[in-house]
Amino acid sequence: MARPEIEPKTPLGKRLRAVRTQVGIEDRDSFAEQSGISKSTIAHYERGDRTPDATMLERYRDRWGVDLNWLITGKGEMFQSQGESGQSQSMALTNLDRPDFVRLPVYNEIRASAGPGAAVPTSEHADGVVAFTSRFLRDQGAHPDHCSIIWARGDSMQPTIPDGSILIVDRSQTDVVNGCIYVLNVADDLLVKRVRRRLDATVEIVSDNSMYPPEALRADQLQQLRIVGRVVYFCRTP
């Protein structure tokens with residue numbers, strides 16, 4: 001007798017499992033074989049133990065025609081068209097050509113540290129794209145043409161932004177608004193943190209995880225700080 005599957009711990013895990021159910025492949029072995037992903041990897045994703053990177057998300061799009069906006073955010077429709085599951089890549093990408101979609105570049109190798117700091121990568125070539133509607137991005141307070149996708153690494157922004165979260169960063173928003181979350185370049189470390197300005201011109205870099213104390217940059221140290229952009233959306237896994 002097969003053991004019952006463990007209930008997904010995250011909304012993304014639930015959506016990934018829903019795709020498998022919706023395409024009519026209850027058996028994880030068969031789904032893994034047809035997706036080109038190992039059974040153990042799919043199990044980790046569906047349980048919410050791991051977050052798939054952009055390459056894996058694109059497998060769901062290309063093989064099953066899954067709408068990545070729905071997969072990441074839970075908004076909209078599961079599939080990009082009304083065609084049969086297993087549609088070709090050209091069919092899966094049809095809706096991305098609509099004028100209300102914006103293709104955001106995805107940088108798999110750029111990971112902002114939600115921790116002590118990650119070295120800024122030397123290469124910033126996009127590894128792919130994920131499409132979102134312009135309306136969705138504007139609703140988040142973003143300028144769609146200036147957004148891109150990177151990843152968070154570490155636990156210093158938990159519970160707000162868990163390790164492995166997808167970050168949509170608006171690079172046009174580089175002026176600090178107190179209390180907002182930004183991707184920062186500090187002395188060649190790439191961070192995702194909450195930022196506050198004090199009346200004495202000091203800038204505080206704050207972690208949501210209370211285990212990490214705030215750091216402060218005095219006015220004469222601000223040349224070490226560059227605001228990469230504001231985090232306008234993140235796909236979190238509670």
Side-chain angles (χ1 to χ4, degrees), residues 5 8-26 28 30-37 41-48 50-108 126-152 161-162 164-170 231-238:
E5 294 185 347
K9 296 182 289 187
T10 68
L12 179 56
K14 291 177 181 178
R15 290 192 290 274
L16 291 170
R17 182 176 294 181
V19 170
R20 177 161 58 88
T21 300
Q22 189 64 28
V23 300
I25 305 176
E26 292 291 342
R28 192 176 281 156
S30 298
F31 184 80
E33 181 178 354
Q34 294 188 45
S35 301
I37 307 171
T41 296
I42 288 177
H44 284 303
Y45 292 159
E46 291 187 358
R47 288 196 300 264
R50 298 179 188 170
T51 301
D53 63 16
T55 300
M56 288 298 181
L57 295 178
E58 287 169 352
R59 292 272 187 94
Y60 280 80
R61 178 197 66 191
D62 297 344
R63 179 64 184 88
W64 306 109
V66 175
D67 186 293
L68 292 187
N69 183 44
W70 172 84
L71 192 58
I72 294 171
T73 69
K75 298 181 179 180
E77 300 297 327
M78 180 183 293
F79 298 108
Q80 294 184 38
S81 78
Q82 298 303 314
E84 294 294 326
S85 61
Q87 60 191 314
S88 68
Q89 180 173 349
S90 60
M91 290 178 64
L93 294 175
T94 299
N95 284 353
L96 301 187
D97 294 327
R98 286 167 38 187
D100 56 331
F101 273 84
V102 177
R103 295 169 179 253
L104 304 188
V106 178
Y107 298 95
N108 286 335
D127 301 292
V129 297
V130 175
F132 288 85
T133 64
S134 297
R135 179 177 179 180
F136 171 79
L137 294 170
R138 286 194 296 268
D139 286 347
Q140 314 311 310
H143 302 99
D145 292 338
H146 297 279
C147 291
S148 56
I149 295 175
I150 64 173
W151 303 79
I161 302 178
S165 293
I166 296 167
L167 307 177
I168 297 181
V169 182
D170 184 344
V231 176
V232 295
Y233 180 80
F234 48 88
C235 179
R236 60 182 178 181
T237 53

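Quick note: residue numbers are just sequence positions, from 1. A quick note: this is a predicted structure, and the numbers were derived from the prediction, not measured. Only this structure's heavy atoms are used, side chains among them; waters, hydrogens and symmetry mates stay out.
Side-chain polar atoms of His146 and Asp170 form no donor-acceptor pair below 3.5 angstrom.
The minimum heavy-atom distance between Tyr45 and Met56, with the atom names listed, is OH-CG, 3.3 Å. Among all heavy-atom pairs drawn from Thr10 and Gly48, the shortest one is OG1-CA, 3.7 Å. The minimum heavy-atom distance linking Leu12 with Pro52 is given by the pair CD2-CD, 3.9 Å.
Contact annotation: the side chain of Val19 approaches that of Trp70 to within less than 4.5 Å [non-hydrogen atoms, C-beta and beyond]. Contact check for Ile150 versus Ile168: no side-chain heavy atoms found under the 4.5 Å cut-off. Here the side chains of Asp53 and Trp151 are in contact, with some heavy-atom distance below 4.5 Å.
Of the possible polar contacts, none joining the Ser35 side chain to the Ile37 backbone as a donor-acceptor pair under 3.5 Å is found. Judged purely by atom type and a 3.5 angstrom limit, Arg61 has no side-chain atom pairing as donor or acceptor with the backbone of Val66.
Using bins of under 30°, 30° to 60° and over 60° for the plane-to-plane angle, the ring pair Phe31/Trp64 lands in the parallel bin.
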Checklist entry - side chain to side chain contact (heavy atoms under 4.5 Å, CB included) between Leu71 and Leu57: does it pass, once the steps are laid out? => result CA-CA 8 Å; Leu71 192 58; Leu57 295 178; 3.6 Å; yes
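Atoms OH and CG, on Tyr60 and Leu16 in that order, are 4.5 Å from each other to the nearest 0.5 Å.
Residues passing the side-chain contact (heavy atoms from CB on, under 4.5 Å) test with Arg28, sequence neighbours excluded: Glu5, Arg17, Arg20, Lys39, Ile42, Ala43, Glu46.
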